Every structure is written in structure tokens, then in C-alpha cells.
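The block underneath contains the structure these notes are about, expressed in C-alpha cells.
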Amino acid sequence: MPRPLGELEDSVMTRVWKWNRPVTVREVLEDLQQERSIAYTTVMTVLDNLHQKGWVRREAEGRAYRYEAVSTRAAYAAALMNEAWSRSDNPAAALVAFFGMMSAEQREALSDAMRIIGPAAQVPLSEGAVTQAPENPVQAPENPVQAPENPGQALENPGQAPENPGAAEPEAER
């Protein structure tokens with residue numbers, strides 16, 4: 001399971017994913033410099049770290065490397081969601097809370113994804129209808145697609161959830 005990318009790692013990977021081709025440190029640097037002051041060696045170190053962590057592969061080109069993403073941003077996001085869900089003491093309650101936080105657009109995207117997976121996995125989320133009940137059902141709110149006032153209360157032991165649970169600590173610039 002991947003650990004969440006740091007802020008600078010995410011900025012670099014965003015470019016690698018967006019460009020969808022092998023990139024050089026110089027290309028990433030020049031694009032990043034449109035937003036912030038950053039050194040060549042910092043970008044080089046971040047790309048080297050991403051290579052060591054398995055996020056990018058690299059191929060030598062002269063005295064430099066070209067870096068290419070190993071997987072997609074969608075696969076990264078899915079792995080993070082799966083890891084968070086699998087750590088829950090009550091996965092069904094976590095899903096109910098998660099679905100309750102979703103916007104209409106997110107619910108539509110989920111419905112589209114379920115159609116792609118196939119009929120056996122279909123769980124319509126529009127209109128609050130659920131046609132397949134889990135073996136150990138969770139007491140769901142009357143309208144599961146309406147966000148609860150305190151999303152964490154649907155979980156048995158939510159602890160103190162951060163305001164933005166997906167946010168990572170910013171990395172120090174060198």
C-alpha cells in the first residue's frame with residue numbers, strides 16, 4: 001500500500017501523470033518554477049525518491065534520466081481509499097459515512113463505475129436506493145446520500161479526525 005505522497009511529491013507526480021510521457025528533471029523544474037521558487041537539485045531529489053519508492057521508472061538518456069509514471073493517478077487514489085477503508089473497525093459503517101459525504105457528481109461517477117464493473121456489483125446510489133443488502137447490514141441513515149452533520153459519528157470509534165484526512169505534511173524545501 002502506498003503511503004500518501006507529500007506536497008512536493010504530489011506536485012511532481014501531478015506533472016508526470018498529466019504529461020503521460022517520460023519527463024526530465026529540467027521539464028518538471030521549469031513547470032514548477034511558474035508556481036514557486038525551487039532548485040534543480042530539489043526536483044532531482046524528489047524524482048529520485050519517487051523512483052526509490054516505486055512511483056516512477058527511469059531510463060538514462062546521456063548524463064540525465066527520463067522519468068515515467070509506473071501507475072496512474074486513479075490507481076494511486078484507489079489504493080489510498082482501499083487502505084483507509086481496510087483499516088476501519090467497521091468497513092460497512094465507513095462506507096455509509098463516505099457515501100454520505102459524496103456530492104451528487106461523485107455519486108454519479110460511482111454509479112458509472114459500478115455499471116462498468118458489471119451487474120453483479122450494481123448498487124444504485126441515486127435516489128438513496130440500495131438494492132443489495134450486505135450480509136451484516138449497518139444501520140444506515142434514511143437518506144444515505146445526504147451528508148450527516150458529523151460524518152465521523154457513523155463510525156464506531158472515529159477518534160479525532162483531521163479536517164483534511166488526505167492532506168500530507170508539506171515537505172521542507174532544500
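From a predicted model like this one, the values you see are computed outputs, not experimental measurements. Worth knowing before you read on, the calculation uses all heavy atoms, side chains too, and leaves out hydrogens, waters and symmetry mates.
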With a 4.0 Å cut-off on N to O distance, would you call [X] and [Y] a salt bridge?
{"X": "E30", "Y": "R15", "result": "no"}
{"X": "R66", "Y": "E61", "result": "yes"}
{"X": "E7", "Y": "R36", "result": "yes"}

Measuring from atom [atom1] of [X] to atom [atom2] of [Y], what distance do you get when rounded to the nearest 0.5 angstrom?
{"X": "L29", "Y": "T42", "atom1": "CG", "atom2": "OG1", "result": "9.0 Å"}
{"X": "L47", "Y": "Q52", "atom1": "CG", "atom2": "CD", "result": "11.5 Å"}
{"X": "Y40", "Y": "T45", "atom1": "OH", "atom2": "OG1", "result": "10.5 Å"}
{"X": "K53", "Y": "H51", "atom1": "NZ", "atom2": "NE2", "result": "13.5 Å"}
{"X": "Q106", "Y": "F99", "atom1": "CD", "atom2": "CZ", "result": "11.5 Å"}
{"X": "D31", "Y": "K18", "atom1": "CG", "atom2": "NZ", "result": "5.0 Å"}

Original post:
What's the verdict on side-chain contact (heavy atoms from CB on, under 4.5 Å) for R21 and V23, showing C-alpha distance, side-chain angles and the deciding distance?
Top reply: CA-CA 6 Å; R21 63 175 172 74; V23 300; 3.8 Å; yes
**OP:** Evaluate the side-chain proximity of Y65 to M44: yes if any heavy-atom separation is below 4.5 Å, no if none is.
**Re:** no
Original post:
Does L5 reach the side chain of L50, with side-chain heavy atoms less than 4.5 Å apart?
Top reply: yes
Subject >> Any pair counted as salt bridge (Lys or Arg N to Asp or Glu O under 4.0 Å), so long as it reaches residues 67-79, sequence neighbours left out >> reply: D10-R73, R57-E68
For the side chain of [X] and the backbone of [Y], is there at least one donor-acceptor N/O pair under 3.5 Å apart?
{"X": "E9", "Y": "G6", "result": "yes"}
{"X": "E27", "Y": "T24", "result": "yes"}
{"X": "S88", "Y": "A84", "result": "no"}

Original post:
Should R115 and E108 be marked as a salt bridge (Lys or Arg N to Asp or Glu O under 4.0 Å) after you check the CA-CA gap, both sets of side-chain angles, and the distance that decides it?
Top reply: CA-CA 11 Å; R115 279 191 288 279; E108 185 62 32; 3.5 Å; yes
Subject >> Y76/W55 aromatic ring centres below 6.0 Å >> reply: yes
Subject >> R58 to Y67, cation-pi by 6.0 Å centre distance and 45° axis angle >> reply: no
